[in-house]
Amino acid sequence: MLRVACCVTSPFPVQSPASQTAPTDPMKERLITLIESALDTLIADGTLPADAKRPVQIDRTKDKSHGDFATNIALMLAKPAGMKPRDLAEKVIAALPQDSAIAKTEIAGPGFINFFQASDWLNSLLDQALADKHLSVARPEQPQTVVVDYSSPNLAKEMHVGHLRSSIIGDAVVRTLEFLGHNVVRQNHVGDWGTQFGMLLAYLDEQKHEESAAELSSELSDLEGFYRAAKQRFDESEEFATRARGLVVKLQAHDPDCLKLWGEFNSISLSHCQAVYDRLGVSLTADDVRGESAYNDDLSQVVADLDAKGLLSEDQGAQCVFMDEYKNKEGDPLPVIVQKADGGYLYATTDLAALRYRANTLGADRMLYFVDQRQALHFQQMFSLSKLAGFVPESTELSHMGFGTMNGPDGRPFKTRDGGTVKLIDLLNEAEERAYALVKEKNPQLDEEELRTIARAVGIGAVKYADLSKNRSSDYIFNFDQMLSFEGNTAPYLLYAYTRVASIFRKAELDMTQVSGEFLLQEDAEQALAARLVQFGEVLQSVAEKGLPNLLCLYLYELAGLFSSFYEHCPILNSEDEALKQSRLKLAALTARTLKQGMELLGLTPLERM
RNA sequence: GCGCCUGUAGCUCAACCGGAUAGAGCAACGGCCUUCUAAGCCGUCGGUUGCAGGUUCGAGUCCUGCCAGGCGUGCCA
């Protein structure tokens, strides 16, 4: 694997322009403005010292009895003001300008100020979202160009479960960034170069003398088997291994025969990858492929430029850059080796070239790398060095969105019974088969074609959601049964919630856009659902900033749960009051659209029935 | 040795910049289908947040020291 698996805390923090221009929740912004105004008043009348001002923190409350929003500002300023927190809170409230969005304020606990939002205000937010194709999700004031490096399989091998996380999580973040209005450039940095390739070409060359072209072609279609055979030769024969290493150098020297062999691998292997992407619903295409080899011509220049900057030094025959921040086990400076003693270039050299390309040619404001956590040190070094060398502007945000290792139920790295890697395609087949059996059992009356369509959405969705719903940074326990249980916090739960809404509109013979009237939110279930609906944009913003799709999963799961509760407790079509019926239809319609949009951003396929 | 990550209910995971009574799902147990899809809803049970200190009005969250596991640490990617 090349760049298989979260979020690492870099010792060299990079600025996040995203967070500076981020549109937050409109209600929070409004409250912050009001509170700041109140603080100014208190400073002016001498209640607070002039230097007491600090960022106002507004949180959504967890408990409804605490209202909708809360601020701890009185607790923060109690000491500088020399007042008891609750007394200060009282002053703050008294100094708050009138605002129609707020129905009530209260002091609670040690000195929190709780805000209860006015129902008119909430209703107007809901109506705005309903009237907007973009669901009232704010667009950035200044869209960024975000280059996202994800999936990036090794073309020398078949894709396996280790590639799931990067591909799926990366794709969800990419979709979210695009929806928000950023300019996203996908980069599939496939491994089409390097030592492993030398081994394969050496083996291919060997086989050419022993097999017909037809046999060879057939053998190549099973890349996995081909790779194993080559690896075996490599491990067993020193002579073969030497030849393999030599071929890497020949490749780098653009030897025509080598290049021809190499081209055969690429086209076959890429077609396998594309089939998996299509099946998985990952939005990558051939246009997004820019493999390691694409930077070959620039590698010598990278080294020369490092030299020109005075960063390069030779050590034991290799061309290295030493940075003070990085030490080895003896406490001596740790090098980044950019050219081996034999003249060959390395992974690091390629990544530096890629960083420069992405900054200069692609014009990246931000670069995200969805790559295995184990490569954290490598990326820290690359990020530091690329800025030190001036390959990337200081202002560019560079983030390694690392993720944990894929483990089996035993907590050990995930393998098949015989110790091999699990092919992605096998996993997807299994998921669809299980889903098919379940769908058929629940809805035997559906025709075959629809059964298959549903099984695909449910099965593939379950696999993706299992991964998306977990925090990127922790190791991942891969469990077939859990992944495909289809109960609880799973993709089918979200899909099901959506079909329930769709079913209502089907039954009523209404289009989801054919809703009117005013919101009348009386029941707890209605209010809770409504309050959650207006938080969609805020959640998407977090996903885009942090690269954590599990936040969107959590939101959608809670939204679906709140809808289910509403659905059970509040009759919609059977409502006796026509105005109430219209209000509930509107709530259902907005829920449906939010769920659908959210699922699409996760790369799930919403279904009208299941 | 040094560095990074992880440790929360029996299991899998949440917990927004330090905030109020640490939440879900699975499993277990008990209710709810003549009424919009029961892949659902409602409820019960389940916790010394690895351990010990510290900072704070307030700590799962921040600091220090331990313990356990994983990963990384010069010519692989």
Side-chain angles (χ1 to χ4, degrees), chain A residues 1-4 6-9 11 55 57 59-63 65-66 70 72 75 78-79 84-85 108-112 114 154 191 193-196 292 315-320 326-332 334-342 344 346-348 350-351 372-378 380 402 404-405 407 409 411 413 438-439 442-443 458 466 469-471 473-475 477 479 482 485-490 492-493 495-497 499-508 538-539 542 546 550-551 554 557-558 561 564-565 567-569 571-575 588 609-610:
Chain A
M1 91 184 81
L2 178 72
R3 289 185 165 178
V4 183
C6 166
C7 177
V8 65
T9 310
Q57 186 184 333
D59 289 323
R60 290 194 180 267
T61 55
K62 288 175 187 163
D63 188 327
S65 68
H66 297 138
N72 59 2
L75 291 161
K79 192 166 278 182
K84 289 182 182 170
F112 291 105
N114 292 337
N154 189 342
W193 211 252
T195 340
Q196 286 183 322
E292 296 180 322
D315 197 88
Q316 297 168 43
Q319 299 300 316
C320 309
Y326 302 97
K327 310 282 186 199
N328 67 10
K329 45 189 117 176
E330 280 79 39
D332 299 326
L334 183 69
V336 173
I337 301 177
V338 292
Q339 188 169 21
K340 298 193 284 185
D342 68 6
L346 300 105
Y347 189 50
T350 309
D351 264 322
D372 190 303
Q373 182 60 44
R374 287 174 292 190
Q375 295 187 34
L377 177 60
H378 166 74
Q380 280 175 21
T405 311
N407 289 329
L438 186 81
V439 178
K442 298 212 180 260
N443 287 305
V458 170
S469 61
K470 289 178 182 64
N471 190 307
S473 63
S474 43
D475 285 348
I477 305 282
N479 187 320
Q482 205 161 297
S485 71
F486 307 144
E487 281 174 8
N489 187 7
T490 60
Y493 183 84
L495 293 166
Y496 182 68
T499 62
R500 285 178 127 182
V501 195
S503 170
I504 290 169
F505 282 91
R506 204 159 46 236
K507 185 145 191 162
E538 209 180 338
V539 171
S542 297
K546 299 170 190 163
N550 66 306
L551 299 174
L554 179 67
Y557 177 61
E558 285 176 1
S564 295
S565 199
Y567 180 90
E568 299 278 345
H569 296 108
I572 301 171
L573 299 179
N574 301 333
S575 172
R609 73 183 91 219
M610 65 187 274

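Everything quoted here is computed from the prediction, not taken from an experiment. A note on names: the letters A, B, ... follow the listed sequences, proteins ahead of strands, and every chain is numbered from 1.
When side chains are defined from C-beta on, Y347(A) counts as touching Q375(A), because their heavy atoms get closer than 4.5 Å. By the 4.5 Å heavy-atom criterion applied to side chains, N154(A) and Q196(A) are counted as neighbours. The shortest distance between side-chain heavy atoms of L554(A) and S469(A) does not fall below 4.5 Å. Between D351(A) and H378(A) there is a side-chain heavy-atom pair separated by less than 4.5 Å.
At a threshold of 4.0 angstrom between heavy atoms, the contacts of D342(A) with the nucleic acid are absent. Residue contacts for S564(A): at a heavy-atom cut-off of 4.0 Å it reaches the sugar-phosphate backbone alone, with no base atom in range. Contacts of E558(A) with the nucleic acid, taken as non-hydrogen atoms under 4.0 Å apart, are absent. Using a 4.0 Å heavy-atom cutoff across all strands shown, N72(A) reaches at least one base atom of the nucleic acid. At a threshold of 4.0 angstrom between heavy atoms, the contacts of Y557(A) are confined to the sugar-phosphate backbone, with no base atom among them. Among the atoms of the strands shown, none is found under 4.0 Å from any heavy atom of P85(A). Looking at heavy-atom distances under 4.0 Å, V336(A) makes no contact with the nucleic acid at all. Within 4.0 Å of L75(A), counting heavy atoms only, lies at least one base atom of the nucleic acid. Here A108(A) lies in heavy-atom contact (under 4.0 Å) with a base. Counting any heavy atom pair closer than 4.0 Å across all strands shown, L438(A) reaches a base atom. Contacts of A70(A) with the nucleic acid, taken as non-hydrogen atoms under 4.0 Å apart, include base atoms. Across all strands shown, L377(A) has heavy atoms under 4.0 Å from sugar-phosphate atoms exclusively, and none from any base. Counting non-hydrogen atoms under 4.0 angstrom, S565(A) reaches the backbone sugars and phosphates but no base.
Side-chain proximity of K546(A) to rA15(B), rA14(B), rC16(B): nearest is rC16(B). Between rU56(B), rG74(B), rG19(B), one nucleotide has an atom nearer to the side chain of Q316(A) than all others, and that is rG74(B). Side-chain atoms of N114(A) lie closest to rA20(B) of the nucleotides rC75(B), rA20(B), rG72(B).
Annotation: of the two residues near RNA chain B, C320(A) and K507(A), the 5′-most nearest-nucleotide partner is K507(A). The 5' end of RNA chain B is approached more closely, in terms of each residue's nearest nucleotide, by L573(A) than by the other of L573(A) and K340(A).
rC32(B) takes the anti form, because its glycosidic angle lies more than 90° either side of 0. For rC17(B), the O4'-C1' to base torsion is within 90° of 0; the nucleotide is therefore syn.
Checking side-chain atoms of D342(A) against main-chain N and O of G344(A) turns up a donor-acceptor pair under 3.5 Å. Not a single donor-acceptor pair under 3.5 Å links the side chain of Y567(A) to the backbone N or O of A588(A). Side-chain atoms of N471(A) never come within 3.5 Å of backbone atoms of N550(A) as a donor-acceptor pair (strictly under, hydrogens ignored). In this structure, D475(A) contributes its side chain and T405(A) its backbone to a donor-acceptor pair below 3.5 Å. T350(A) places a side-chain N or O within donor-acceptor distance of the main-chain N or O of L346(A), the cut-off being under 3.5 Å.
Taking atom P on both rG70(B) and rC32(B), the two are 49 Å apart, rounded to the nearest angstrom. rG53(B) and rC67(B): their C1' atoms are spaced 15 Å apart (whole Å). rC63(B) and rC5(B) have their P atoms separated by 10 Å, given to the nearest Å. The gap from the C1' atom of rA28(B) to that of rG50(B) amounts to 27 Å, rounded to the nearest Å. Distance noted for atom C1' between rC62(B) and rG1(B): 27 Å (whole Å). Nucleotides rU61(B) and rC16(B) have their P atoms positioned 12 Å apart, rounded to a whole Å. Rounded to whole Å, the P atom of rG19(B) lies 14 Å from the corresponding atom of rG23(B). Nucleotides rA77(B) and rG72(B) place their C1' atoms 14 Å apart, quoted to the nearest Å.
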Legend entry - Pairing pattern in dot-bracket form [Watson-Crick, G-U; both distances under 3.5 Å; | = partner strand] for RNA chain B: (((((((..((((.....[...)))).(((((.......))))).....(((((..]....))))))))))))....
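The aromatic ring of F112(A) sits over the base of rA20(B), with ring centres less than 5.5 Å apart and planes tilted by under 30°.
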